[in-house]
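Notes for the one structure printed next.
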Amino acid sequence: MTTLYTPDHEWLRIEGDIATIGVTDYAQSQLGDVVFVDLPKVGRQLKKAEAAAVVESVKAASDVYSPISGEVIEVNETLAGEPALVNSDATGKAWFFKVKIADKSELGGLMDEAAYRKHVA
């Protein structure tokens, strides 16, 4: 299992050809209290860097971009009733959606944890 990060503060955990995607702890801290999450539909085909979900906080609404192309195979329904999970467990229970990866070569431009830490420092 590998975890990678985007400059837009999404994380993706790679297991085989499946990527689980969410927002980073840094992103949720910038957003403030999350009050709503809009997730993509299962079966949707996403392109890399396409807006896939929306997270709304008391401060702002922000798009969540897909870090990789592929088909949405699962969404985290728990977030609909419990959007505050994004604040309490951004990189764990508050994952947004899972994608069957279409092209692993797209992973090349993403950051590992050390590079992401430098990015937000």
Side-chain angles (χ1 to χ4, degrees):
M1 184 168 64
T2 306
T3 302
L4 298 170
Y5 301 85
T6 72
D8 292 320
H9 312 292
E10 290 94 14
W11 57 263
L12 63 163
R13 204 165 288 128
I14 312 295
E15 296 178 75
D17 63 350
I18 305 299
T20 302
I21 297 161
V23 297
T24 65
D25 197 52
Y26 176 85
Q28 74 77 20
S29 71
Q30 297 299 300
L31 281 165
D33 294 336
V34 173
V35 294
F36 179 75
V37 176
D38 183 34
L39 299 169
K41 300 274 182 255
V42 171
R44 180 171 163 195
Q45 295 291 331
L46 294 171
K47 298 256 182 275
K48 182 176 180 161
E50 176 182 357
V54 177
V55 59
E56 291 182 21
S57 71
V58 291
K59 290 188 198 173
S62 298
D63 285 329
V64 176
Y65 299 96
S66 184
I68 193 154
S69 299
E71 179 185 350
V72 177
I73 58 164
E74 190 179 344
V75 297
N76 188 350
E77 299 287 356
T78 305
L79 292 180
E82 219 179 320
L85 257 183
V86 174
N87 296 118
S88 62
D89 196 7
T91 58
K93 290 181 184 156
W95 59 274
F96 280 36
F97 56 95
K98 294 184 181 187
V99 169
K100 185 170 187 348
I101 299 169
D103 181 2
K104 282 199 170 179
S105 72
E106 292 180 345
L107 297 170
L110 301 173
M111 295 177 270
D112 64 13
E113 190 171 352
Y116 181 73
R117 283 192 186 165
K118 280 186 194 158
H119 175 70
V120 297

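We're numbering straight along the sequence, starting at 1.
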**Asked** Is there a donor-acceptor pair under 3.5 Å between the side chain of E106 and the backbone N or O of S69?
**Response** yes

- Query: Can you find a pair of side-chain heavy atoms, one from V72 and one from K41, that are under 4.5 Å apart?
  - Reply: no

D103 and S105: side-chain donor and acceptor closer than 3.5 Å?
yes

Under the 3.5 angstrom rule, does the side chain of S57 hit a backbone N or O of A60 as a donor-acceptor pair?
yes

Consider only side-chain N and O atoms of T24 and Y116, and report whether a donor and an acceptor are under 3.5 Å apart. yes

dist E82:CD -> N87:CG (nearest 0.5 Å) comes out at 11.5 Å

query: Judged by atom type as modelled, is there a donor-acceptor pair below 3.5 Å linking the side chain of D63 to the main-chain atoms of Y65?
result: no

- [ ] Start with the C-alpha distance between R13 and T2, add both sets of side-chain angles, then the distance that settles side-chain contact (heavy atoms from CB on, under 4.5 Å), and finish with yes or no.
- [x] CA-CA 6 Å; R13 204 165 288 128; T2 306; over 6 Å; no

Is a side-chain N or O of W11 found less than 3.5 angstrom from the main chain of V23, in a donor-acceptor match?
yes

Heavy-atom closest pair (P7 atom, H119 atom, distance to 0.1 Å) is O-NE2, 3.1 Å

Rounded to the nearest 0.5 angstrom, the CD1-NZ distance for I68 and K100 is 11.5 Å

- Query: Do L85 and V37 have side chains that get closer than 4.5 Å, going by heavy atoms?
  - Reply: no

Inset, instruction - Would you check if the side chain of E56 reaches a backbone N or O of F36 as a donor-acceptor pair within less than 3.5 Å? - result: no

Self-check item: Side chain H9, main chain Y26, donor-acceptor under 3.5 Å
Solution: no

#### Entry: Minimum side-chain heavy-atom gap K59-L31 below 4.5 Å
no

The reported gap from CG in L110 to CG in L12 (rounded to nearest 0.5 angstrom) is 5.5 Å

When rounded to the nearest 0.5 Å, the distance separating CG of N76 from NZ of K93 is 11.0 Å

Check: Between F96 and V86, does a side-chain contact (heavy atoms from CB on, under 4.5 Å) hold up when you go through it step by step?
Finding: CA-CA 9 Å; F96 280 36; V86 174; 3.8 Å; yes

dist I21:CD1 -> T6:OG1 (nearest 0.5 Å) comes out at 9.5 Å

State whether the side chain of D25 and the backbone N or O of T91 hold a donor-acceptor pair below 3.5 Å, judged by distance alone. no

Distance col, row I14:CD1 vs L107:CG, nearest 0.5 angstrom, shows 4.5 Å

- Task: Using modelled atom types only, decide if a donor and an acceptor are shared between the side chain of D33 and the backbone of A84 within a distance under 3.5 Å.
- Result: no

Of all heavy-atom pairs linking F97 and V75, the shortest is CB-CG1, 4.1 Å

